[in-house]
Trainee: 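Can you read through this structure? Questions will come right after.
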Amino acid sequence: MITHKQRRTEKSLCFKQYYKWILCFSLTLYFLASFFVDHDQDQDQEDKSSPPRSNPLLTNPKPKLFASRAMFESKIHDHKLGFAPQRPNIRTDVFNNLKIYVYDLPSKFNKDWLANDRCSNHLFAAEVALHKAFLSLDEEVRTKDPYEADFFFVPVYVSCNFSTINGFPAIGHARSLINEAISLISTQYPFWSRNNGSDHVFTATHDFGSCFHTMEDRAIADGVPNILRNSIVLQTFGVTYNHPCQEVENVVIPPYISPESLEKTQRNIPVNKERDIWVFFRGKMELHPKNISGRFYSKRVRTKIWRSYGGDRRFYLQRQRFAGYQSEIARSVFCLCPLGWAPWSPRLVESVALGCVPVIIADGIRLPFPSAVRWPDISLTVAERDVGKLGEILEHVAATNLSVIQRNLEDESVKRALVFNVPSREGDATWQVLEALSKRLNRSVRRSNSYS
């Protein structure tokens, strides 16, 4: 016979079993619900970050490959260079599956220079921006296995040694620093010696590029260092005629302008604001262009502009520095881009980005990325000898095809092609560099070995 105490014990066990069953059922529902919610959110994030599926250039991405030789994996981490790792808005099958390896050099070649904030932001800072942008590429382009690489990027910053006298970059150390970097990679890695560095990529983002001198006569006399002559140099200098500083495989790239500064200026432009400056220039204009070394700055062009139009009310010419000068560009119809010591100028990028018609005064200049930027459609070119006729020339343009040029300048893809972003974005300056390298895959040892 079951006692009262036994009944209570059985009832207690029954309740415990019931609660266990309820708890298990609840936990099962919770985990199932979490799975489907997380899955949907992941899919939403993937859909948002993926390019439109209708773009034929961005379909059928190649499966990601992982490094198989850990001893050669790059040890550079993005946070070392002061920016958070992010997935770039860039896909790689459009570059014929090009792969680039970034050497992990000791910090004295690059990272140490970043102690000066100016190193990352001045007009020569494309060497820094490209390094950061290459590091931000996902493994479909930037490989950590050098045996998979078509090209090898050698990140040496040579434009960050600022003079204590005038504040300008002093690049007298450039050749020795590059020689030291090449000596290092050629002894620690087998890739340079395979073809004397013809698949290695360097930057030279100062006045006369791979000649590594700020004065043209000295640059011409020194020429391109012999050790670099087989390599590829990404340089801001370029001309359409034979020049000793182009006696190397080179890609002309734009000077660096901070995308953040351009975005800030654009945000502050009033909607439907009329451009109230007809012709604009702010910068160095020497009254007496011959300096103490006997050289003539800007081949006298800027001096002639000042003497001819300094008192002309149509021309807003300023010789003093002004931190907010980009706002003046945004207010201008025509922006003068005369040569300085070298033909190229950061004003080219700023003018295009802010919708001011660039007036290029630099005979024989070779402009960056002509396949992406149709320069004849968005700019004017005036011969150096015709500077005295500038007013007449610009009046004629204003009366004829100015509106067409301004419409062409509104093309966002043109503006994007001249700006370096970190991480890189589709169509930006880093994208254009990769596009240019993809046309030089005949230099890739990996490709030649696969075809042999």
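Given the structure is predicted, the values throughout are model-derived calculations rather than measurements.
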Trainee: Got a second to check how far F281's CZ is from F315's CZ, nearest 0.5 Å?
Mentor: 12.5 Å
Trainee: Measure across N110 and Y157 and return the closest heavy-atom pair with its distance rounded to 0.1 Å.
Mentor: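 So the minimum-distance heavy-atom pair works out to O-CD1, 3.2 Å.
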Trainee: Would you indicate whether the side-chain heavy atoms of Y101 and D145 approach each other to under 4.5 Å?
Mentor: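 No, their side chains stay 4.5 Å or more apart.
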Trainee: Let's go through Y256 and E127 carefully: what are the C-alpha distance in whole Å and the side-chain angles of both, what is the deciding distance for side chain to side chain donor-acceptor pair (under 3.5 Å) to 0.1 Å, and is it a yes or a no?
Mentor: CA-CA 9 Å; Y256 180 79; E127 62 184 4; over 6 Å; no
Trainee: Roughly how far apart are I329 CD1 and F280 CZ, rounded to 0.5 Å?
Mentor: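 Output value for this atom pair is 5.5 Å.
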Trainee: Can you find a pair of side-chain heavy atoms, one from F109 and one from E180, that are under 4.5 Å apart?
Mentor: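 Sidechains of E180 and F109: in contact.
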Trainee: Just one of Y103, Y147, F152 clears the ring-ring contact (aromatic ring centres under 6.0 Å, His included) bar with Y189, so which one?
Mentor: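 That would be Y103.
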Trainee: Taking the basic N atoms (NZ, or NE/NH1/NH2) and the acidic carboxylate oxygens, is any pair closer than 4.0 Å for R443 and D199?
Mentor: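 Result for this pair is no, no salt bridge flagged.
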Trainee: Which value, rounded to the nearest 0.5 Å, describes the distance between N179 atom CG and R175 atom CZ?
Mentor: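 Between N179 CG and R175 CZ, I get 8.5 Å after rounding to 0.5 Å.
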Trainee: Give a yes or no answer on whether the side chain of S448 reaches the backbone of V445 with a donor-acceptor pair at less than 3.5 Å.
Mentor: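 Such a contact is found between S448 side chain and V445 backbone.
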Trainee: Side chains of S345 and L339, heavy atoms from C-beta outward: is any pair under 4.5 Å?
Mentor: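 No, every pair of side-chain atoms sits at 4.5 Å or beyond.
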Trainee: Got a salt bridge between K415 and E412, using NZ or NE/NH1/NH2 to carboxylate O under 4.0 Å?
Mentor: yes
Trainee: Answer yes or no on whether R300 is positioned over the face of F296, meaning its NZ or CZ is under 6.0 Å from the six-membered ring centre and within 45° of the axis.
Mentor: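 R300 over F296 ring: yes.
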Trainee: If we only count heavy atoms from C-beta on, is the N96 to L441 side-chain gap below 4.5 Å?
Mentor: yes
Trainee: What's the spacing between D112 CG and S107 OG if we round to 0.5 Å?
Mentor: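 Going from the CG atom of D112 to the OG atom of S107 covers 3.5 Å.
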Trainee: Compute the centroid of each ring, for F153 and then for H200, and state whether the two points are separated by less than 6.0 Å.
Mentor: no
Trainee: Does R374 have more than 12 heavy atoms from other residues, nucleotides or ligands lying within 6.0 Å of its CZ?
Mentor: no
Trainee: For the pair R229 and E247, find out whether any cationic side-chain nitrogen is under 4.0 Å from an anionic carboxylate oxygen.
Mentor: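 Judged by the 4.0 Å cut-off on N to carboxylate O distance, R229 and E247 do form a salt bridge.
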Trainee: Is any NZ, NE, NH1 or NH2 atom of the basic residue among D428 and R425 found under 4.0 Å from an Asp or Glu carboxylate oxygen of the other?
Mentor: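 Judged by the 4.0 Å cut-off on N to carboxylate O distance, D428 and R425 do not form a salt bridge.
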Trainee: If I compare all heavy atoms of T265 with all of A330, which pair ends up nearest, and what's the gap?
Mentor: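 That closest heavy-atom pairing would be CG2-CB, 4.4 Å.
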Trainee: For K264, give me all partners under side chain to side chain donor-acceptor pair (under 3.5 Å), at least two apart in sequence or on another chain.
Mentor: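 Applying side chain to side chain donor-acceptor pair (under 3.5 Å) to K264 gives none.
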Trainee: Tell me, with the steps shown, if H122 and W113 meet ring-ring contact (aromatic ring centres under 6.0 Å, His included).
Mentor: CA-CA 13 Å; H122 67 146; W113 297 103; over 10 Å; no
Trainee: Before accepting this row, confirm whether a basic side-chain N of the pair R218/E216 lies closer than 4.0 Å to the acidic partner's carboxylate O.
Mentor: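 Looking at R218 and E216, the cut-off is not met.
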Trainee: Is the NZ or CZ atom of R314 both under 6.0 Å from the centre of the six-membered ring of Y309 and within 45° of that ring's axis?
Mentor: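 R314 over Y309 ring: no.
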Trainee: Shortest non-hydrogen contact from A417 to V373?
Mentor: CB-CG2, 3.9 Å
Trainee: Quick check on side-chain contact (heavy atoms from CB on, under 4.5 Å): which of V433, D150, L98 does S438 satisfy it with?
Mentor: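 The residue from V433, D150, L98 that satisfies side-chain contact (heavy atoms from CB on, under 4.5 Å) with S438 turns out to be L98.
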Trainee: Considering non-hydrogen atoms only, spot the tightest contact between Q326 and L354 and give its length.
Mentor: O-CD1, 3.5 Å
Trainee: Taking atom NE2 of H396 as the centre, does the number of heavy atoms from other residues, nucleotides or ligands within less than 6.0 Å exceed 12?
Mentor: no
Trainee: Do K132 and S120 come within less than 4.5 Å of each other through their side chains, counting heavy atoms only?
Mentor: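 Side chain of K132 against side chain of S120, heavy atoms only: contact under 4.5 Å found.
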Trainee: Does any non-hydrogen side-chain atom of L105 lie less than 4.5 Å from one of P155?
Mentor: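 They are in contact (side-chain heavy atoms under 4.5 Å apart), so the answer is yes.
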Trainee: Compare every heavy atom of P338 with every heavy atom of V301, then report the nearest pair and how far apart it is.
Mentor: CG1-CB, 4.1 Å
Trainee: If you count heavy atoms of other groups shown closer than 6.0 angstrom to CG of N442, is the number above 12?
Mentor: yes
Trainee: Show me, pair by pair, the donor-acceptor contacts under 3.5 angstrom made by side chains of residues 358-371, not counting sequence neighbours?
Mentor:
residue: D363; atom: OD1; partner: E384; partner atom: N; Å: 3.0
residue: R366; atom: NE; partner: V239; partner atom: O; Å: 3.4
residue: R366; atom: NE; partner: Q246; partner atom: OE1; Å: 3.4
residue: R366; atom: NH2; partner: Q246; partner atom: OE1; Å: 3.0
residue: R366; atom: NH2; partner: N250; partner atom: OD1; Å: 2.6

Trainee: With sequence neighbours excluded, what pairs up with F420 under the ring-ring contact (aromatic ring centres under 6.0 Å, His included) test?
Mentor: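 For F420, no residue satisfies ring-ring contact (aromatic ring centres under 6.0 Å, His included) once neighbours in sequence are set aside.
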Trainee: With ring-ring contact (aromatic ring centres under 6.0 Å, His included) as the criterion, how do F237 and H243 come out once you've worked through the C-alpha distance, each side chain's angles and the decisive distance to 0.1 Å?
Mentor: CA-CA 10 Å; F237 173 77; H243 194 286; 4.9 Å; yes
Trainee: With a 4.5 Å cut-off on side-chain heavy atoms, are L137 and L434 touching?
Mentor: yes
Trainee: Is the closest side-chain heavy-atom distance between F124 and D207 below 4.5 Å?
Mentor: yes
Trainee: Could you check, using the six-membered ring where one of them is a Trp, whether W278 and F334 have ring centers closer than 6.0 angstrom?
Mentor: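 Aromatic pair counts; centres sit under 6.0 Å.
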Trainee: Quick one: pull up CZ in F191 and CZ in F151 and give me the separation to the nearest 0.5 Å.
Mentor: 15.0 Å
Trainee: I'd like to know if E426 pairs up with R416 as an ion pair, taking the criterion as any Lys NZ or Arg NE/NH1/NH2 lying under 4.0 Å from an Asp or Glu carboxylate oxygen.
Mentor: no
Trainee: May I ask you to decide whether R440 forms a salt bridge with E249, counting only side-chain N to carboxylate O separations under 4.0 Å?
Mentor: yes
Trainee: Is the centre of the F95 ring less than 6.0 Å from the centre of the W431 ring?
Mentor: yes
Trainee: State the NZ-NZ distance between K99 and K144, to the nearest 0.5 angstrom.
Mentor: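 Separation between the atoms: 12.5 Å.
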Trainee: State which residue, out of I178, V233, T203, fulfils the side-chain contact (heavy atoms from CB on, under 4.5 Å) condition with S210.
Mentor: V233
Trainee: In terms of side-chain geometry, is the basic nitrogen of E328 or R282 positioned less than 4.0 Å from the acidic oxygen of its partner?
Mentor: yes
